[in-house]
K.L.:
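Sharing a structure here in structure tokens format.
Here the structure is a predicted model, which is why all the values come from computation and not from measurement.
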Amino acid sequence: MTARSAVLRGRRAAETLMLDTCRIRAVTGETTDPNTGKVTPTYGNPVYSGKCKLQNQRASFPSTPDAGEHQFTVTPTELHLPITGTAPVGTGLVVEITGSIDPANVGRVFRIRSGDRKSYGTALRCQVEEITG
């Protein structure tokens with residue numbers, strides 16, 4: 001078996017575990033509701049729509065940073081995507097989970113913090129942080 005065939009086989013195996021779907025877009029601006037004052041981001045066209053998998057990083061422990069008098073918990077999370085078709089995916093883009101084997105994940109929104117491109121990758125594994133509120 002060659003390294004190339006092993007990587008391609010690994011990619012197929014990784015994709016069989018990607019049972020969720022997502023849409024990835026860039027934030028292009030924001031709008032403000034004149035009645036409520038609520039600011040809502042506006043998005044460009046999707047750079048990727050398709051299968052994915054959410055994965056908590058078990059090797060890392062949640063952190064509890066402080067912001068003023070508020071303490072919150074940040075749990076390290078990864079978004080796994082297929083290698084093929086994800087070239088435009090990168091730091092700063094916003095991910096919305098559009099379908100999931102776990103219904104509680106549908107509608108969750110994340111910002112990509114960093115990607116993981118490498119020569120022998122079986123999936124694109126992006127560090128993400130959840131956007132709430």
K.L.:
Less than 4.5 Å apart, side chain to side chain, heavy atoms only: is that true for Val7 and Ile83?
P.N.:
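Sidechains of Ile83 and Val7: no contact.
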
K.L.:
Mind listing the closest non-hydrogen atom pair of Tyr43 and Pro41 along with its distance?
P.N.:
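Closest heavy-atom pair between Tyr43 and Pro41: OH-CG, 3.4 Å.
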
K.L.:
What residues, two or more places apart in sequence or in another chain, satisfy side-chain hydrogen bond (donor to acceptor under 3.5 Å, both in side chains) together with Thr28?
P.N.:
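Residues passing side-chain hydrogen bond (donor to acceptor under 3.5 Å, both in side chains) with Thr28: Thr42.
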
K.L.:
Quick one: name the residues clustered hydrophobically with Leu8, using the 4.5 Å side-chain heavy-atom rule over I, L, V, M, F, W, Y, and just say none if it's on its own.
P.N.:
none

K.L.:
Looking only at heavy atoms, which two atoms of Cys22 and Ile97 are closest? And how far apart?
P.N.:
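It is CB-CD1, 4.1 Å.
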
K.L.:
Inspect the surroundings of CG in Asp33 and state if more than 12 heavy atoms from other residues, nucleotides or ligands are less than 6.0 Å away.
P.N.:
yes

K.L.:
Of all the heavy-atom pairs spanning Cys126 and Leu81, show the shortest one and how long it is.
P.N.:
SG-CD1, 4.5 Å

K.L.:
How close do Arg125 and Asp116 get, counting heavy atoms only, and between which atoms?
P.N.:
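What the structure gives for the nearest pair is O-CB, 2.9 Å.
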
K.L.:
Mind running side-chain contact (heavy atoms from CB on, under 4.5 Å) on Val109 and Val94 for me, showing each step along the way?
P.N.:
CA-CA 7 Å; Val109 179; Val94 174; 3.4 Å; yes

K.L.:
Identify each donor-acceptor pair in which a side-chain atom of residues 9-21 lies under 3.5 Å from a protein atom, sequence neighbours left out, and give them as a table.
P.N.:
| from | atom 1 | to | atom 2 | distance (Å) |
| --- | --- | --- | --- | --- |
| Arg11 | NE | Gly121 | O | 3.0 |
| Glu15 | OE1 | Lys51 | NZ | 2.9 |
| Thr16 | OG1 | Ala13 | O | 2.6 |
| Asp20 | OD1 | Ser100 | OG | 3.0 |
| Asp20 | OD1 | Ile101 | N | 3.0 |
| Asp20 | OD2 | Ser100 | OG | 3.4 |
| Thr21 | OG1 | Thr98 | OG1 | 3.0 |
| Thr21 | OG1 | Gly99 | N | 3.1 |

K.L.:
Give the minimum heavy-atom separation between Ala6 and Met1, together with the two atoms involved.
P.N.:
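Taking Ala6 first and Met1 second, the nearest heavy atoms are CB-SD, 3.6 Å.
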
K.L.:
Are the side chain of Thr86 and the backbone N or O of Pro82 linked by a donor-acceptor pair below 3.5 Å?
P.N.:
yes

K.L.:
Nearest 0.5 angstrom please: Cys52 SG to Glu78 CD, how far?
P.N.:
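Between Cys52 SG and Glu78 CD, I get 13.0 Å after rounding to 0.5 Å.
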
K.L.:
For Leu54 and Phe110, what are the C-alpha separation, side-chain angles and deciding distance, and is it a side-chain contact (heavy atoms from CB on, under 4.5 Å)?
P.N.:
CA-CA 10 Å; Leu54 285 174; Phe110 300 87; 3.9 Å; yes

K.L.:
If you measure from OG1 on Thr91 to CZ on Arg111, what distance do you get to the nearest 0.5 Å?
P.N.:
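Interatomic distance, Thr91 OG1 to Arg111 CZ, rounded to 0.5 Å: 11.5 Å.
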
K.L.:
What's the spacing between Thr77 OG1 and Glu129 CD if we round to 0.5 Å?
P.N.:
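Reported value, rounded in 0.5 Å steps: 10.0 Å.
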
